[in-house]
Amino acid sequence: MFDTTCDVVVIGGGHAGCEAAAAAARCGAHTLLLTHRLETIGEMSCNPAIGGIGKGHLVREIDALDGLMARAADAAGIHFKLLNRSKGPAVRGPRAQADRRLYREAMQALLHATLGLDLLAEAAEDLLFDPAGRIIGVVTAAGRRIGAAAVVITTGTFLRGEIHIGERRIPAGRVDEAPSVGLADSLSRLGLPLARLKTGTPPRLDGRSIDWAGLEAELGDDPPEPLSWLTERIANRQVACAITATTPATHALIRANLHRSAVYGGRIAGTGPRYCPSIEDKVVRFAERQRHQIFLEPEGLEDDTVYPNGISTSLPEEIQAALIASIPGLERARIRRPGYAIEYDFVDPRSLLPTLELRTTPGLFLAGQINGTTGYEEAAAQGLMAGLNAACRAGGTDPDRILTRGEAYTGVLIDDLVLQGVTEPYRMLTARSEYRLALRADNAGLRLTDRGLAWGCVGADRAAQHARFKAAVADALARARSDGRTPAQYAAAGVAVNQDGRWRSALEVLALPALSPTDAERLFPWLPDLPPKVRAELEAQALYAPYLERQSAELRILEREEKLPIPSALDFTEVAGLSAEMRQRLATSRPATLGSAGRVPGITPAALAALAVHLRRAEVRFT
């Protein structure tokens, strides 16, 4: 029946597919990554950067579970920046601009080095199921039948993808690559709720035609801070970016040609990302603004192409040329490739379990933009979790690799998707997490690597590094809690604390805003001997200690609620006290636990109480 078999097939070689395939293989599943072209695996289709606010947290979490993205970004990084450095550690976002070619090569090298992972350059055309509706394999466009116990679909923008440039429409998943139509038809036949979204990209510029001398330079951090905790230092030469902005002339040109934009001309039905709008959207939605900032980001050390971050557009090519010429520093800039909007199918993520497996189709997992997200990092985080769970399914056990909202931004991302669905491409923001003081980018390893070790997805190098760091942090915290002074002693040392006679530990005092690093080291001479990352973790825990204690109590309540499961076959009409509206909302979202039911949009406290009573009665009845 099959030409070849494996445990897990991953469809798509983008950021979600790379992480899914590597994660499944790390867990011992014989995995096949199936993609149109091997040379485009790891392609950065849009901006040449990894990380940022919220997104950087996801990258560090992927890294903590031994994923690939952070290591590839470090190998390719040419401009590193810790965003929000002036704010608290909880909202700082590590970001790296990458050389596109080097990133692609680094990702491909990491995949080739992954044991148990094979790569095949063929398009997936159809899915195979057994009579019970379980996935059993994939059919390629070449007619090859590949058997598998689990399949992960990570098609990005390829499902019936269509590029729009002004009045032109081009069927494509991205530039010069055919869309995936057969696979979209397969998903339609499954009865999945499909809809359309859109995203876009700006024109690419020839860097040799830009007037760099007249622009404000944007330098990276020196020294650059790696994204992966396995990276000791960044080896690549670092480059500067530049900042410019649109002008009133730019805005007038756009307003005069809005009817020729694919979005405003009525040729696109899909909704675009609110937090990464096109320049047409910016001009319309923020009509009072006279300028919109643009970051000119080099795409590589040996590549003169420049990515003008901030002016995604679907205007006709000749209008794009005039638009670029109206921007300071770009008056004579040449366009190498026009910007475009791309519209594509996605599946309502409320069709998924928290494991990213389809509720109605055991063994079939979805990850990335097919679930309604936008961004490399959101896709990669989903891919990693889908790959881990696909390996479980292939191994004959029910998938149970889940991170909660209190454990990780990855948990927030997936919880939001499967409970609330999307009305626009979903982007991770730190504001989406109720527990962001605990979920910092710099403590992702402490939060998640032990979990990864239990799941079997963390290799020996990371396990050893994690053990050393965890022990060093524990020692530093113990010393900071045991070393302290009385108020009189602090006052004698020139440090002002309340003169209440209460002994205060170093951990308490390190949180004082008035305590300078010099004073801290004078009071506690052992601080300079700590490794920089250990000291940073100590100071962050000191800063947030009072808040984390309160959040810990909230997390314990959340954990209790999350442990009260809702049977997948529960008929909500049997729950006394639920209105018809509440029953409909719960039946649509199918939350897995009482805690997740409370996060379904529109569910009232009274409805949640009624559901809790029903579940606890059932729990008593069946024990």
Side-chain angles (χ1 to χ4, degrees), residues 14-16 43-59 81 83-84 91 93 95-98 100 156-157 161 163-165 174-175 196-204 241 243-246 250-251 254 261-264 268-286 289 291-297 299 306-315 320 323 327 337-344 346 368-382 409 412-413 416-417 422-432:
H15 303 283
E43 184 72 55
M44 304 179 87
S45 303
C46 195
N47 65 313
I50 299 293
I53 307 300
K55 292 171 175 284
H57 292 70
L58 290 175
V59 176
K81 196 89 169 177
L83 306 181
N84 274 351
V91 293
R95 183 179 189 269
Q97 286 175 217
R100 289 187 189 275
T157 59
I163 284 175
H164 295 258
I165 305 174
R174 58 184 170 219
V175 169
R196 300 285 274 178
L197 288 175
K198 78 98 175 171
T199 188
T201 190
R204 307 298 202 274
C241 301
I243 301 174
T244 185
T246 58
T250 312
H251 298 186
I254 292 169
S261 161
V263 176
Y264 285 89
I268 291 182
T271 306
R274 178 187 314 187
Y275 299 103
C276 188
S278 67
I279 188 61
E280 296 98 295
D281 281 334
K282 290 180 182 179
V283 168
V284 171
R285 287 163 48 189
F286 308 105
R289 300 217 15 206
R291 64 195 301 271
H292 293 284
Q293 200 168 58
I294 302 166
F295 290 89
L296 301 176
E297 301 175 345
E299 295 201 352
V306 170
Y307 183 93
N309 196 337
I311 51 171
S312 167
T313 182
S314 63
L315 287 163
Q320 291 188 36
L323 184 159
I327 296 170
R337 193 180 82 191
Y340 60 84
I342 184 165
E343 192 177 23
Y344 55 94
F346 80 102
Q369 285 177 286
I370 191 173
N371 291 340
T373 59
T374 183
Y376 306 151
E377 303 82 1
E378 291 86 347
Q382 293 173 71
Y409 274 90
V412 174
L413 164 68
D416 283 350
L417 291 176
V422 298
T423 56
E424 62 188 50
Y426 180 103
R427 176 178 180 172
M428 179 48 64
L429 307 166
T430 54
R432 296 190 189 276

Sub-4.5 Å side-chain heavy-atom contact between [X] and [Y]:
| X | Y | result |
| --- | --- | --- |
| Leu296 | Cys241 | no |
| Phe286 | His292 | yes |
| Tyr264 | Asp281 | yes |
| Leu197 | Gln369 | no |
| Tyr426 | Arg432 | yes |
| Ile53 | Val91 | no |
| Thr423 | Thr271 | no |

Donor + acceptor pair across side chains of Arg204, Thr201 (<3.5 Å):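 A pair is found: one side chain offers a donor N or O, the other an acceptor, under 3.5 Å apart.
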Pair Ser314, Ser261: side-chain N/O donor-acceptor within cut-off below 3.5 Å: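 On atom types as modelled, these side chains qualify, holding a pair under 3.5 Å.
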Using atom types as modelled and distance alone, determine if a side-chain donor or acceptor of [X] lies under 3.5 Å from a backbone N or O of [Y].
| X | Y | answer |
| --- | --- | --- |
| Tyr376 | Pro48 | no |
| Arg291 | Thr244 | no |
| Glu377 | Gly51 | yes |
| Lys282 | Gly310 | yes |

Closest approach of [X] and [Y], non-hydrogen atoms and distance?
| X | Y | result |
| --- | --- | --- |
| Ile311 | Pro202 | O-CB, 3.5 Å |
| Asn371 | Leu417 | O-CD2, 3.9 Å |
| Gly200 | Cys46 | O-SG, 3.8 Å |
| Ala381 | Leu413 | CB-CD2, 4.1 Å |
| Arg427 | Cys276 | NH1-CB, 4.2 Å |
| Lys198 | Ala341 | CD-CB, 4.5 Å |

Stepwise side chain to side chain contact (heavy atoms under 4.5 Å, CB included) check, Met44 with Ile50: CA-CA 9 Å; Met44 304 179 87; Ile50 299 293; 3.9 Å; yes
Find the distance between [atom1] ([X]) and [atom2] ([Y]) and round it off to the nearest 0.5 Å.
| X | Y | atom1 | atom2 | answer |
| --- | --- | --- | --- | --- |
| Asn309 | Gln97 | CG | CD | 8.0 Å |
| Leu323 | Thr250 | CG | OG1 | 5.5 Å |
| Lys55 | Thr430 | NZ | OG1 | 12.5 Å |
| Arg196 | Glu343 | CZ | CD | 4.0 Å |

Name of the residue among Glu43, Glu297, Glu299 meeting salt bridge (charged side-chain N to carboxylate O under 4.0 Å, His left out) with Arg100: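 Exactly one candidate clears the test, Glu299.
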Other residues, nucleotides, ligands: >12 heavy atoms within 6.0 Å of Arg337 CZ: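 Check passes, neighbour count above 12.
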Check against side chain to side chain contact (heavy atoms under 4.5 Å, CB included), Glu280 and Val263: CA-CA 9 Å; Glu280 296 98 295; Val263 176; 5.6 Å; no
Side chain to side chain contact (heavy atoms under 4.5 Å, CB included) assessment of Ile370 paired with Tyr344: CA-CA 9 Å; Ile370 191 173; Tyr344 55 94; over 6 Å; no
For His251, all residues meeting side-chain hydrogen bond (donor to acceptor under 3.5 Å, both in side chains), sequence neighbours excluded: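 In terms of side-chain hydrogen bond (donor to acceptor under 3.5 Å, both in side chains), with neighbours along the sequence ignored, His251 is linked to Thr246.
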Side chain to side chain contact (heavy atoms under 4.5 Å, CB included) partner of Tyr340, chosen from Gln320, His164, Arg174: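 Only match with Tyr340 under side chain to side chain contact (heavy atoms under 4.5 Å, CB included): Arg174.
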